[in-house]
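What's counted below: heavy atoms across the whole structure, side chains too, no hydrogens, waters or symmetry copies. All figures in this text were calculated on a predicted structure; none of them were measured in a lab.
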Amino acid sequence: MSENISRRTLANAVRFLAVDAVEKAKSGHPGAPMGMADIAEVLWRDHLKHNPANPKWPDRDRFVLSNGHGSMLIYALLHLTGYDLPLEQLKNFRQLGSKTAGHPEVGHTPGVETTTGPLGQGLANGVGMALAEKLLAQRYNRPGCDIVDHRTWVFLGDGCLMEGISHEAASLAGVWGVDKLTCFYDDNGISIDGHVEGWFRDDTPGRFRAYGWHVIGPVDGHDADALSAAINEAKAVKGKPTMIVCRTQIGWGSPNKVGTHDVHGAPLGADEIAATRAALNWPYAPFEIPADIRKAWDAHARGGAAEGDWQGRLAAYRAQFPELAAEFERTQAGGLPAAWPEIRAELLALAGKKEGGIASRKSSQNCLDFLVDRVPELLGGSADLTGSNLTAGKGSVAWHAAGDKTPNYISYGVREFGMAAIMNGVALHGAMIPYGGTFAVFSDYSRNAIRMAALMNQRVVHVLTHDSIGLGEDGPTHQPIEHLGSLRLIPGLDVWRPCDELETAVAWAESIERKDGPSALFLSRQNLPQCGNAGSRAENIARGGYVLSDSETTAQAVIIATGSEIALALAAQKELATKGVAVRVVSMPCCDRFDRQKSSWKKSVLLPDVPRIAIEAAHPDPWRKYVGLDGEVLGIPTFGESAPAPALYERFGLTVEHLIRVVDETVARESGNDGDF
């Protein structure tokens, strides 16, 4: 650090970039960047291992701004340290097309590690990143050859800690002992409604100690020496994550708004900015950063040296452990095993030979039995439902029972939201493909994290079992009705509901291959018949919707079905044929994938000039776009009931007899006839 520039001055560069950007945009949150600038200066200049010239360097530290509304804090830091985020982008804060969105977005801004904004999820992402680092270090590091050795740093605020997900994620972090995770709690006592003591009086240090964390502080969040000492203490801790409680003042430096909710989410205004410039002795124009301050912030030299040291270690590792090094570099790049085409082909061939009734959740486990040992980057888990989700394959090694083995399976406990957000962190870290299971109805608990995986284009697989009223006696609290339609509405999420083992295997293969977004597999509890592997069926399944069984003559109607209702459609087709009604059966295991197909494929499958009837044990509305105004949908527009599955299917009209009657009436109406055939 230049002897002529104080730490406070360097921190003020962050403060005023934030203040000026929010003022220019007339929108944003200046309070958090002003309050946390001193913490950020110490961390980013003295401790954070990163290289602005290579934001994706595998052994970089990860930095997460969980209180993402303070986005100008990270934008200022990225700009000052030398990332590809020029000043013009800061001046264009929150404007259309800029790299400085209202909340940080991964893949949109160089150096941003995760998309934050929904409070608490950044903390959970950080836990996932630290978990991934620990697992990869155990898998790849060898004595004297540590190629995985980095830390995860998280900034968070009162709002993150008020959200329930913070309890789920922090509890697991304590169980796992992820000692390279350090969180900085911006303890300023303010949220949007004012002083938090009226609604938030938790003993936060006590709470985190109870989780098994090492807790430091409270420390003065504006005292650089105290902060540096706390960080050094955190880096020395073994076997526990660390929480540093930082007492700060929101809007620090603002003479009239410091410590108030007025500075949380609104520009300071011209008069208060002028007063703040005078109070902090910052005589520079908006967005002006003197050259000596820029030089003191620039991180290229230190970052380049750190990455160069790691590249040297990697080269030595590659020479000594060539096979491990090849796997490490492959997974870091997001590639699948070299033998993946053969693995996929064998998986589908085995699945296509299955006979008899098999629940699709069991079909999924059969796939995992085959895949886990062959795709080492898979990290499985379940929210306390392993025996019901069947998410553990033969090669799965649970964390809590791993012994000397490297675990590849996590028992998350009853923490669906925490699990989903932690999986996002694992995926964001890279080199692992996380999947996790719960009941389909409980996807509501994790929905926001599922949405975030889609928003961030992350390869995460959600295994959602007990997919319909077919689960039976547990009743409406456990029977998903609206969940399929609801999740299908999330842009970028592929929702699969397979009808047999081959469709399940294709769903798994496609989910693993997909690099640009998450997938959700809706799987049955009850047994489903197998449909075989005739012709190019596997290839057609991958299109999301295809002709499973065609009529011998020109089709008079098309039945569209998924999952357990495919068997009903095939039985109805057979019976209708005896009456002279030719029906095509279309299986649509993934509407999202089907919708992305060319129009010519979709028309060839659905036959636009032929009446269509859809059947699914779920809410009917999503199917109306396929059947049109003249088509019919057999679904469940109400909640379910408690009874054995066969009685429920009868109760809600999901039977072969009812389907035949609806097809019969629809074809008659379209042909101008009034009666049966």
Considering all heavy atoms, the nearest [X]-[Y] contact:
X: Ala555; Y: Leu607; answer: CB-CD1, 4.0 Å
X: Ile450; Y: Pro518; answer: O-CG, 4.4 Å
X: Arg94; Y: Ser27; answer: NH1-OG, 2.7 Å
X: Leu464; Y: Ser443; answer: CD1-CB, 4.0 Å
X: Gln526; Y: Ser468; answer: NE2-OG, 4.1 Å
X: Pro589; Y: Tyr546; answer: CD-CE2, 4.1 Å

Closer than 3.5 angstrom, by distance alone: can the side chain of [X] be matched with the main-chain N or O of [Y] as a donor-acceptor pair?
X: Ser71; Y: Gly102; answer: yes
X: Ser66; Y: Leu156; answer: no
X: Asn540; Y: Gly535; answer: no
X: Tyr435; Y: Thr391; answer: yes
X: Arg374; Y: Phe370; answer: yes
X: Ser524; Y: Ser360; answer: yes
X: Thr116; Y: Leu65; answer: yes
X: Gln530; Y: Glu501; answer: yes
X: Arg488; Y: Val495; answer: no
X: Ser486; Y: Glu482; answer: no

Do [X] and [Y] sit within salt-bridge range, that is, some charged N less than 4.0 Å from a carboxylate O?
X: Arg537; Y: Glu503; value: yes
X: Arg661; Y: Glu632; value: no
X: Arg525; Y: Asp474; value: no

Does CG in Leu489 sit with more than 12 non-hydrogen atoms of other residues, nucleotides or ligands closer than 6.0 Å? yes

Which residue pairs pass the side-chain hydrogen bond (donor to acceptor under 3.5 Å, both in side chains) test when at least one of the two sits in residues 157-166, sequence neighbours left out? Asp158-Tyr185, Ser166-Arg207

Can you find a heavy atom in the side chain of [X] that is under 4.5 Å from one in the side chain of [Y]?
X: Leu390; Y: Val463; result: no
X: Glu416; Y: His462; result: no
X: Phe200; Y: Ser191; result: no
X: Lys579; Y: Asp664; result: yes
X: Leu350; Y: Glu346; result: yes
X: Pro480; Y: Leu471; result: yes
X: Trp496; Y: Arg593; result: yes
X: Leu523; Y: Asp467; result: no

List the steps and the verdict of salt bridge (Lys or Arg N to Asp or Glu O under 4.0 Å) for Arg447 and Asp444. CA-CA 5 Å; Arg447 179 185 170 86; Asp444 282 341; 6.0 Å; no

Between atom [atom1] of [X] and atom [atom2] of [Y], what is the distance when rounded to the nearest 0.5 Å?
X: Leu568; Y: Ile615; atom1: CG; atom2: CD1; value: 5.0 Å
X: Ile469; Y: Leu654; atom1: CD1; atom2: CG; value: 5.5 Å
X: His619; Y: Thr638; atom1: NE2; atom2: OG1; value: 8.5 Å
X: His108; Y: Leu455; atom1: NE2; atom2: CG; value: 11.0 Å
X: Asp494; Y: Arg514; atom1: CG; atom2: CZ; value: 4.0 Å
X: Leu348; Y: Ile541; atom1: CG; atom2: CD1; value: 8.0 Å

Determine the sole option in Thr465, Thr438, Asn389 for which the side-chain hydrogen bond (donor to acceptor under 3.5 Å, both in side chains) test with Ser382 is passed.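 It is Asn389; the other options fail the test.
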
For [range], pull every pair meeting salt bridge (charged side-chain N to carboxylate O under 4.0 Å, His left out), keeping only residues two or more places apart or in separate chains.
range: residues 541-555; result: Asp550-Arg584
range: residues 357-372; result: none
range: residues 634-658; result: Glu641-Arg651

For the pair Thr504 and Ser363, evaluate side-chain hydrogen bond (donor to acceptor under 3.5 Å, both in side chains) and give the outcome as yes or no after the intermediate values. CA-CA 6 Å; Thr504 304; Ser363 292; 4.5 Å; no

One pair to check against side chain to side chain contact (heavy atoms under 4.5 Å, CB included): Val663 and Val583. What are the steps and the verdict? CA-CA 9 Å; Val663 172; Val583 172; 4.0 Å; yes

Give me the ring orientation class for Phe439 and His466: parallel if the planes are under 30° apart, tilted from 30 to 60°, perpendicular past 60°. tilted

What class does the angle between the rings of Tyr626 and Phe594 fall in, given that below 30° is parallel, 30 to 60° is tilted and above 60° is perpendicular?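 If you compare the ring of Tyr626 with that of Phe594, the planes turn out perpendicular.
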
Can you name the residues that form a side-chain contact (heavy atoms from CB on, under 4.5 Å) with Ala170, not counting sequence neighbours?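 Partners of Ala170 by the side-chain contact (heavy atoms from CB on, under 4.5 Å) criterion, ordered by chain and then number, come out as Phe208, Tyr211, Trp213.
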
Listed by chain and number, what are the side-chain contact (heavy atoms from CB on, under 4.5 Å) partners of Ala449, not counting sequence neighbours?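 For Ala449 the side-chain contact (heavy atoms from CB on, under 4.5 Å) partners, ignoring immediate neighbours, are Gln121, Phe417, Ala420, Ala421, Asn424.
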
Quick check on side-chain contact (heavy atoms from CB on, under 4.5 Å): which of Ile560, Leu659, Val627 does Ile613 satisfy it with? Leu659

What do the steps show when you test Trp399 against Ser411 for side-chain hydrogen bond (donor to acceptor under 3.5 Å, both in side chains), and what is the final call? CA-CA 7 Å; Trp399 175 287; Ser411 292; over 6 Å; no

Residues Val633, Arg624; criterion side chain to side chain contact (heavy atoms under 4.5 Å, CB included); working and verdict: CA-CA 7 Å; Val633 182; Arg624 303 197 189 282; 4.0 Å; yes

Given the rule in the side chain to side chain contact (heavy atoms under 4.5 Å, CB included) test, do Thr562 and Trp623 qualify, once you have shown the distances and angles that lead to the verdict? CA-CA 11 Å; Thr562 74; Trp623 292 101; 3.6 Å; yes

